[in-house]
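First comes the structure, then the notes that go with it.
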Protein chains: 4
Amino acid sequence: MNDYSFIFVSDVCLKEISMKNNKPKYKLIIEAAVDVIAENGYHASQVSKIAKKAGVADGTIYLYFKNKEDILVSVFEEKMGQFIEQIAAATSQKETASEKLLTLISMHFGQLAANHHLAIVTQLELRQSNLSLRQQINRILKPYLGVIDGIIKEGIDENLFRSDINIPLIRQMIFGTLDETVTNWVMNEEKYDLVGLAPAVHDLITKGIKAS
Amino acid sequence: MNDYSFIFVSDVCLKEISMKNNKPKYKLIIEAAVDVIAENGYHASQVSKIAKKAGVADGTIYLYFKNKEDILVSVFEEKMGQFIEQIAAATSQKETASEKLLTLISMHFGQLAANHHLAIVTQLELRQSNLSLRQQINRILKPYLGVIDGIIKEGIDENLFRSDINIPLIRQMIFGTLDETVTNWVMNEEKYDLVGLAPAVHDLITKGIKAS
Amino acid sequence: MNDYSFIFVSDVCLKEISMKNNKPKYKLIIEAAVDVIAENGYHASQVSKIAKKAGVADGTIYLYFKNKEDILVSVFEEKMGQFIEQIAAATSQKETASEKLLTLISMHFGQLAANHHLAIVTQLELRQSNLSLRQQINRILKPYLGVIDGIIKEGIDENLFRSDINIPLIRQMIFGTLDETVTNWVMNEEKYDLVGLAPAVHDLITKGIKAS
Amino acid sequence: MNDYSFIFVSDVCLKEISMKNNKPKYKLIIEAAVDVIAENGYHASQVSKIAKKAGVADGTIYLYFKNKEDILVSVFEEKMGQFIEQIAAATSQKETASEKLLTLISMHFGQLAANHHLAIVTQLELRQSNLSLRQQINRILKPYLGVIDGIIKEGIDENLFRSDINIPLIRQMIFGTLDETVTNWVMNEEKYDLVGLAPAVHDLITKGIKAS
DNA sequence: TATGAATGAGCCTTCATTCAT
DNA sequence: AATGAATGAAGGCTCATTCAT
């Protein structure tokens, strides 16, 4: 994947550029939705508020999105897409599975720490949704879990990670730990340095809590 | 904690007895709320539906609860109270921190596996709430996190667990892993044996993922 | 039927009284709906406008009616019920089928001429409805068509009316003629004496247009 | 009327030819409107749906029609124009008023029976309209009522029909009977032979329901 | 204590119409 | 003449909460 990373990144840029040129309102609405949801919370985010923030008419929203839920799914899809691409690209540059894992943790923390609104939306607001939306979010999350699974498999192949525990369980531990850590950080009003926790979390995940 | 467990349990019993005798409708409403939310989901759980299930008038709800949110908080408070008490009591009977941790994991999984409705409500429905409710839920969760912290501290004192990582981080890993594992199990329609995963999860948490 | 007419009327009165005592808002809303629809037309009759006219809250409407369409159906049901009862009672007092037919025509014209708003609603506004509503209206109209059929049958038995044409066709002619006559009268702003037309219409229906 | 029929028909043809050549989209939209309304019902017939069916852009509609109501009026105008022309032409070929009346009834039934969509639109959908549209429809219907009046007058002159009842009343009976009969047939899903009823209806109208 | 009828604020979505291209 | 993206007003309905009984 290293060899293609140049093209990969170009491709993303092209996609982004064409997106912004062809569907400027789509992007406007997505960005407005992130801000409005982060500022007002999920339930107080009326479609009209998002439209106003995006500078379009209420009805215009429905030219680009099926309904209100579709706005939320699309927000997550767009943002998570970028999120995952960045992490996938960065981890692919690293050699060992352990380095890849550290990169993943650092970037997971880094990207959310760098985007206050996005962190609130993904960790708090987007979870206030019904089962149908949750399932769509899970679908979108799949590729990210796939990246984690890939790193675990590589680690097992390299004999860095143990092979006696099933991968889904390991993945649940990793994702659960990261997610819980970020949520705690958000709910504590982001008072401390989240990214700085990455090495310790990596250490904890790989070595566990047992004394040597 | 062992020393006080007698008093602790007595206190609980007294509270329970007085509750059930003096405020039978309070309990009725709590139980009805769990069922209604589990069956219909958070957003389709109107106050009137809970009242009907509880066999009381809509207005009666407001004699026992400040508002709808208060019902939800109370549901979590009541159920989590029992949940934590059970686990605290059981872990206190064990000798080593490692045994206590395994007990905690087994019971965490066991109690939710034994109560289908409660599992749905705590893992899925109760999260569809606003920030204020989330913060109250966190407050209620505090004692449980305290139990986990206690075990970690004991483990460090016994030199079973490492002391070079701060306790909140370890706690986040433990709770995050358990929570993510249960949520996955619920969202997979509880198809597999959750309690059976306890030893593997315990192993993973204590030893990490690094090959010996 | 003559013998029971006393009881029949009493029964109606009792029903009316109990109705008005037990569900005063139901009646209020029905009456308000007739007025609002007659004044504003079907599509400009917002639920909120009906509620305001009835002196109740918008939400109260939905305690008595399933939805907006249900208000309309109920209006027709209530008013048509009285309409039919009156005509059934009056025709039953007459001896011959011909007299009964004249009574029916006179009262059909008379009741609508006496109630300006009701005439507008039944002849114009209620027809602006979808198939489902139209079918419900037809169902409500059935008893009235049954009264007409009864008179035709009696007339045939008495050898007053011809028996060589099927009854539905005769009924369609009678109802179609009456309905068209009333609609024309309403659309001509009720400029002429509708009831005065009754004998001529009766004559026309019974004898046809052929010269002696 | 016979004398002028040549000019009348020529005029129609000229109008038709110039229409079809100069404004092809006008016709396209009219035909699309009939189909869309018949298939979807009046209220579900959005302008955009008609435009799509006609193969033109939404905005194009407004180059040919003032507004949505204008489309509907024009549909009725076009279709009713043909309807009336056909009947006027055919009746003018008959000798006696009685024959003309039978022809009118047969063709009224025949044309609607031959055009399923048109029957639904005229008998059911177009009636779901506001007073203003209803009045325009009545204006369009005038020439047809004129044809009926003409036949009645001829019949009276020929001493075939009675002269002791005013013509509007007779016309209302005739039109009301025909309309009611067709509407019943449409609402009964056109299960029986409508045209076959023509002689019996003619008989009923001319002779009335009185036995010999 | 308990009732439940009544309240009324609040919002997502549709769709006829416009206008810059 | 033709397009179709954009507009934005408008309204049916829900449901947490109240209060007279």
Side-chain angles (χ1 to χ4, degrees), chain A residues 22-26 28-29 43-52 54-71, chain B residues 22-26 29 43-52 54-72, chain C residues 22-26 28-29 43-52 54-71, chain D residues 22-26 29 43-52 54-72:
Chain A
N22 293 345
K23 297 200 169 188
K25 313 239 160 169
Y26 178 84
L28 275 174
I29 295 165
H43 284 116
S45 294
Q46 300 92 329
V47 171
S48 61
K49 218 178 252 176
I50 296 173
K52 188 168 227 173
V56 301
D58 290 18
T60 306
I61 299 268
Y62 292 87
L63 295 176
Y64 295 95
F65 302 92
K66 213 166 65 251
N67 50 32
K68 191 186 176 185
E69 186 174 300
D70 192 30
I71 305 176
Chain B
N22 294 344
K23 299 199 171 186
K25 308 230 163 166
Y26 178 87
I29 294 165
H43 284 115
S45 294
Q46 299 89 334
V47 171
S48 62
K49 217 179 250 173
I50 296 173
K52 187 170 226 171
V56 301
D58 291 17
T60 306
I61 299 268
Y62 291 85
L63 297 175
Y64 295 95
F65 302 91
K66 209 165 72 251
N67 51 32
K68 190 183 178 184
E69 190 174 294
D70 192 29
I71 306 176
L72 296 169
Chain C
N22 294 343
K23 297 202 170 188
K25 312 240 159 167
Y26 178 86
L28 274 176
I29 294 165
H43 284 115
S45 294
Q46 300 90 329
V47 172
S48 61
K49 218 177 250 176
I50 296 173
K52 190 167 226 171
V56 299
D58 291 19
T60 306
I61 299 269
Y62 293 88
L63 294 176
Y64 295 95
F65 302 92
K66 215 168 62 253
N67 49 34
K68 192 185 177 185
E69 186 174 300
D70 192 29
I71 305 176
Chain D
N22 295 343
K23 301 201 171 187
K25 308 230 163 167
Y26 178 86
I29 294 164
H43 284 116
S45 294
Q46 300 88 336
V47 172
S48 62
K49 217 178 249 173
I50 295 172
K52 187 170 227 173
V56 301
D58 291 17
T60 306
I61 299 266
Y62 291 85
L63 297 175
Y64 295 95
F65 301 91
K66 207 165 74 252
N67 50 32
K68 190 184 178 184
E69 190 174 294
D70 191 30
I71 306 176
L72 297 169

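On a predicted model such as this, the values are computed, not experimentally measured, just so you know.
In this structure, CD1 of D:Ile29 is placed 15 Å from C1' of E:dA16, rounded to the nearest angstrom. Atoms OH (A:Tyr26) and P (F:dA6) sit 15 Å apart, rounded to a whole Å. Distance CD1 (D:Ile71) to C1' (E:dA16): 10 Å, rounded to an integer number of Å. Across the protein-nucleic acid pair, D:Asp58 atom CG and E:dT14 atom P stand 16 Å apart, rounded to whole Å. Spacing between atom CD1 of D:Ile61 and atom P of E:dC15 amounts to 15 Å, rounded to whole angstrom units. Computed from coordinates, the C:Asp70 CG to F:dC13 C1' distance equals 14 Å when rounded to whole Å. Residue B:Phe65 contributes atom CZ, which lies 15 Å from atom C1' of E:dA2 at whole-angstrom precision. Regarding B:Lys52, its NZ atom lies at a distance of 14 Å from the P atom of F:dC15, rounded to whole Å.
Heavy-atom distances to DNA chain E give each of A:Tyr62 and B:Val56 a nearest nucleotide, and the one nearer the 5′ end belongs to B:Val56. Between D:Gly55 and B:Lys66, the residue anchored closer to the 5' end of DNA chain F is D:Gly55, taking for each the nucleotide with the nearest heavy atom.
As the counterpart of F:dG8, E:dC15 is assigned, both hydrogen-bonding distances of the Watson-Crick or G-U wobble pattern falling under 3.5 Å. Across all strands shown, F:dA20 forms a Watson-Crick or G-U wobble pair with E:dT3, both key distances being under 3.5 Å.
For A:Leu63, taking side-chain heavy atoms from C-beta onward, the closest of the listed nucleotides E:dA5, F:dA5, F:dT3 is F:dA5. Minimum atom distance to the side chain of D:Thr60 is reached by F:dT3, of the listed E:dG4, E:dC12, F:dT3. Nearest nucleotide to the side chain of B:Tyr64, out of E:dT13, E:dT1, F:dA16: E:dT1.
Side-chain nitrogen and oxygen atoms of A:Lys68 include none within less than 4.0 Å of the OP1 or OP2 phosphate oxygen of E:dT13. At the phosphate of F:dA1, neither OP1 nor OP2 sits under 4.0 Å from any side-chain N or O atom of D:Lys25.
We find the CD1-CD1 distance between A:Ile61 and A:Ile29 to be 4.0 Å, quoted to the nearest 0.5 Å. Atom-to-atom distance recorded for A:Asp70:CG and A:Lys68:NZ is 13.0 Å, nearest 0.5 angstrom.
Residues from residues 44-51 of chain C lying near DNA chain F, meaning a heavy-atom separation below 4.0 Å, are C:Gln46, C:Val47 in numerical order.
The aromatic rings of C:Phe65 and C:Tyr26 lie parallel to each other, their planes meeting at an angle below 30°, with 60° marking the opposite boundary.
Two residues are said to be in side-chain contact when any heavy atoms from C-beta on lie closer than 4.5 Å; D:Ile50 and D:Val47 fail this criterion.
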*Between A:His43 and B:His43, is a side-chain contact (heavy atoms from CB on, under 4.5 Å) present by the stated rule, with each step listed?*
CA-CA 11 Å; A:His43 284 116; B:His43 284 115; 2.6 Å; yes
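Here the side chain of D:Lys49 pairs a donor or acceptor atom with the backbone of D:Ala44 at under 3.5 angstrom.
The two residues A:Asp58 and A:Ser48 come nearest to each other via the heavy atoms OD2-CB, 3.4 Å.
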